[in-house]
Every structure is written in structure tokens, then in C-alpha cells.
Amino acid sequence: MTNSVRMVLMFLVLILVTNVSAAYNACPKCGSVEVPYPLSTDDNCGDSRYRVYCNNGILEFLSARGFYYKILSINPSAYKLIISPPSIQENTCYSSDFTSEGLRLDDNLPFNISTHNTVMLLNCTAALLRSPLNCSSNSICRQFEEKVEEGSGCINTLCCHFLKDSSMTSHMIRVRAGGCTAYTSVVDMKPGASFDSWNYGIELQWIPAN
């Protein structure tokens with residue numbers, strides 16, 4: 001092998017190593033929160049398909065409808081993150097993302113809603129009684145209303161809960177007029193778990209980067 005061929009090969013290897021290194025370059029912290037690869041806060045780090053947003057030191061996830069949700073935790077080894085459920089507007093029973101019709105993920109991006117979320121729908125119409133959801137007086141949404149939303153517009157409205165599974169859309173938790181107007185979610189709820197142990201959040205998972 002001639003010296004010129006060796007130099008060309010070394011140059012190509014150097015380019016490859018540099019590109020791989022850049023591709024796996026994690027973004028800087030957002031406030032005190034680590035931003036692990038492949039999550040990306042700008043075009044110079046992470047993988048742009050896995051875009052999240054650092055807004056005033058708060059790491060956030062942007063829905064397909066333009067609503068920002070605070071990221072509460074990230075588990076890069078499990079390819080998961082947890083976002084904060086929307087707040088319920090004071091003296092109403094409307095989620096703060098109601099005008100966006102709840103949480104909607106972009107079908108073209110590598111994120112989906114995991115099957116570890118127990119979703120509570122609040123202020124629902126009677127049409128929900130025909131659904132397979134638990135809208136009975138024993139639904140855990142009653143505990144949420146009584147202990148968290150005391151004095152709000154959700155008390156004594158029809159509410160339902162369900163465990164999000166793979167047969168449902170993995171890209172949406174919907175609220176709307178004529179359906180339910182508010183919701184919240186608990187991650188990894190165990191049967192019979194005490195109210196004080198509920199872990200509020202919406203767990204999203206992502207497809208590993210190639």
C-alpha cells in the first residue's frame with residue numbers, strides 16, 4: 001500500500017470518527033437538567049428528529065398542536081421521558097391544552113405515548129358511558145376530584161379512567177367539547193396504590209436512533 005493510499009484512508013477514517021462523535025454529542029444542560037443523546041435542543045447537538053426545547057432554563061416537549069409540556073424526567077437507557085400533565089384552569093374543568101384538543105404527537109416523529117399511563121378524563125358527556133372506559137362511581141378519577149380538585153369545576157361531573165394500551169392511538173390523549181374537557185395521567189399506577197403514591201405524568205417513549 002502506497003503512502004498516498006494510506007493518507008487517503010486515514011483521512012476517511014478521521015472524517016468518519018469525527019462525524020460519529022458529532023452525531024453522539026449530547027446537548028448542554030437545560031438549567032440543571034441533563035439532555036442525553038439523542039434528544040436535541042438545537043441543530044448543533046443530539047439528533048434533530050428528537051427535538052426538545054430549552055425555554056428559560058426549563059426543558060420542554062412540544063406537541064404537534066404547538067403546546068409545550070415540561071419534561072419531568074428522562075430515562076435514556078429505556079428510551080423514555082415523562083412530561084407534566086396539563087394544569088386544569090382555575091374554577092373550571094378545562095385542561096390548559098383544551099384549545100389544542102389535548103396532547104397530540106406528530107405521527108412522523110419517533111415519539112409515542114407509552115402503555116404505562118393511567119389516564120383520567122374529567123367533565124365528560126354521557127356519550128362516554130357507551131365506551132369501554134371505567135366511568136363508574138369506583139373510578140379512580142373520583143379520588144383525584146375529591147383530593148386534588150376540591151372547589152374546582154370538575155367536582156360531581158362525569159369522569160372516567162383507562163390504562164392506555166397498544167390498541168388505542170399512541171399519539172393522542174384527546175379532550176374536546178362534546179367529549180371530555182380535562183384530563184390528567186399517572187405513570188405506572190399499581191392496583192390499590194394509595195393516593196399519596198401516585199406519580200403524575202405522561203410517559204412518552206422514543207424509537208432508538210439508528
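Since the model is a prediction, treat every value here as computed from it, not as a measurement.
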*Asks:* Indicate yes or no for a side-chain donor-acceptor contact from Tyr50 to the backbone of Ile207 under 3.5 Å, with no hydrogens or angles considered.
*Replies:* yes

*Asks:* Atom NE2 of His161 and atom CG of Leu122: how far apart are they, to the nearest 0.5 Å?
*Replies:*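 Separation between the atoms: 12.0 Å.
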
*Asks:* For the pair Tyr37 and Asn25, evaluate side-chain contact (heavy atoms from CB on, under 4.5 Å) and give the outcome as yes or no after the intermediate values.
*Replies:* CA-CA 7 Å; Tyr37 185 87; Asn25 181 34; over 6 Å; no

*Asks:* Between CE of Met189 and OH of Tyr200, what distance do you get to the nearest 0.5 Å?
*Replies:* 7.0 Å

*Asks:* Under 6.0 Å from the OH atom of Tyr79, do we count more than 12 heavy atoms belonging to anything else shown?
*Replies:*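 For Tyr79, atom OH is not crowded (no more than 12 foreign heavy atoms under 6.0 Å).
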
*Asks:* Less than 4.5 Å apart, any side-chain heavy atom of Val175 and any of Thr181?
*Replies:* no

*Asks:* Does some side-chain heavy atom of Trp206 sit less than 4.5 Å from a side-chain heavy atom of Pro38?
*Replies:*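 Of all side-chain heavy-atom pairs linking Trp206 with Pro38, at least one is under 4.5 Å.
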
*Asks:* Apply side-chain contact (heavy atoms from CB on, under 4.5 Å) to the pair Thr41 and Val52, showing each step before the final yes or no.
*Replies:* CA-CA 5 Å; Thr41 53; Val52 292; 3.9 Å; yes

*Asks:* Between Glu60 and Lys70, is the closest basic N to carboxylate O distance under 4.0 Å?
*Replies:* no

*Asks:* Is any side-chain heavy atom of Asp97 closer than 4.5 Å to one of Tyr183?
*Replies:* yes

*Asks:* Do Phe162 and Asn134 have side chains that get closer than 4.5 Å, going by heavy atoms?
*Replies:*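 No, too far: nothing below the 4.5 Å cut-off.
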
*Asks:* Could you grab the distance from atom CG of Leu163 to atom OG1 of Thr118, nearest 0.5 Å is fine?
*Replies:* 5.0 Å

*Asks:* By the definition side-chain contact (heavy atoms from CB on, under 4.5 Å), identify the one residue from Ser87, Pro86, Cys180, Ser100 that meets it with Ser95.
*Replies:*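 Exactly one option meets the side-chain contact (heavy atoms from CB on, under 4.5 Å) with Ser95, and it is Pro86.
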
*Asks:* Looking at CG of Asn199 and NZ of Lys190, how far apart are the two atoms once the value is rounded to the nearest 0.5 Å?
*Replies:*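 The distance works out to 9.0 Å.
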
*Asks:* So, taking the atom named SG in Cys135 and the one named CZ in Arg130, what distance separates them when rounded to the nearest 0.5 Å?
*Replies:* 11.5 Å

*Asks:* Disulfide bond (SG atoms under 2.5 Å apart) between Cys141 and Cys160: does it pass, once the steps are laid out?
*Replies:* CA-CA 6 Å; Cys141 61; Cys160 310; over 6 Å; no

*Asks:* Under 4.0 Å between a Lys/Arg side-chain N and an Asp/Glu carboxylate O for Arg51 and Asp43?
*Replies:* yes

*Asks:* Apply the test side-chain contact (heavy atoms from CB on, under 4.5 Å) to residues Cys159 and Arg142: give CA-CA distance (whole Å), side-chain angles for both, the deciding distance (0.1 Å), then the verdict.
*Replies:* CA-CA 7 Å; Cys159 69; Arg142 292 301 177 195; 3.7 Å; yes

*Asks:* Rounded to the nearest 0.5 Å, what's the gap from CG on Leu204 to CG on Leu81? Could you check?
*Replies:*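 With rounding to 0.5 Å, CG (Leu204) is 5.0 Å from CG (Leu81).
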
*Asks:* Hey, is the main chain of Val119 close enough, under 3.5 Å, to the side chain of Asn117 for a donor-acceptor pair?
*Replies:* no

*Asks:* Does OH in Tyr94 sit with more than 12 non-hydrogen atoms of other residues, nucleotides or ligands closer than 6.0 Å?
*Replies:*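 No, OH of Tyr94 has 12 or fewer neighbouring heavy atoms, counting only those of other groups under 6.0 Å.
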
*Asks:* Between Val186 and Met120, is any pair of side-chain heavy atoms under 4.5 Å apart?
*Replies:* yes

*Asks:* Do Asn123 and Thr92 come within less than 4.5 Å of each other through their side chains, counting heavy atoms only?
*Replies:* no

*Asks:* Does any non-hydrogen side-chain atom of Phe144 lie less than 4.5 Å from one of Ile88?
*Replies:*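 They are in contact (side-chain heavy atoms under 4.5 Å apart), so the answer is yes.
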
*Asks:* With salt bridge (charged side-chain N to carboxylate O under 4.0 Å, His left out) as the rule and sequence neighbours excluded, what pairs involving residues 198-210 come up?
*Replies:* Lys80-Glu203

*Asks:* Between Cys154 and Cys93, does a disulfide bond (SG atoms under 2.5 Å apart) hold up when you go through it step by step?
*Replies:* CA-CA 5 Å; Cys154 293; Cys93 194; 2.0 Å; yes

*Asks:* Determine, using the 4.5 Å side-chain heavy-atom cutoff (strictly less than), whether Val33 and Ile83 are members of one ILVMFWY cluster.
*Replies:* yes

*Asks:* Any link between Ile202 and Val187 through a network of hydrophobic side chains (Ile, Leu, Val, Met, Phe, Trp, Tyr) touching at under 4.5 Å?
*Replies:* no

*Asks:* Considering only heavy atoms from C-beta outward, does the side chain of Ser96 approach that of Phe67 to under 4.5 Å?
*Replies:*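 Yes, side chains in contact.
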
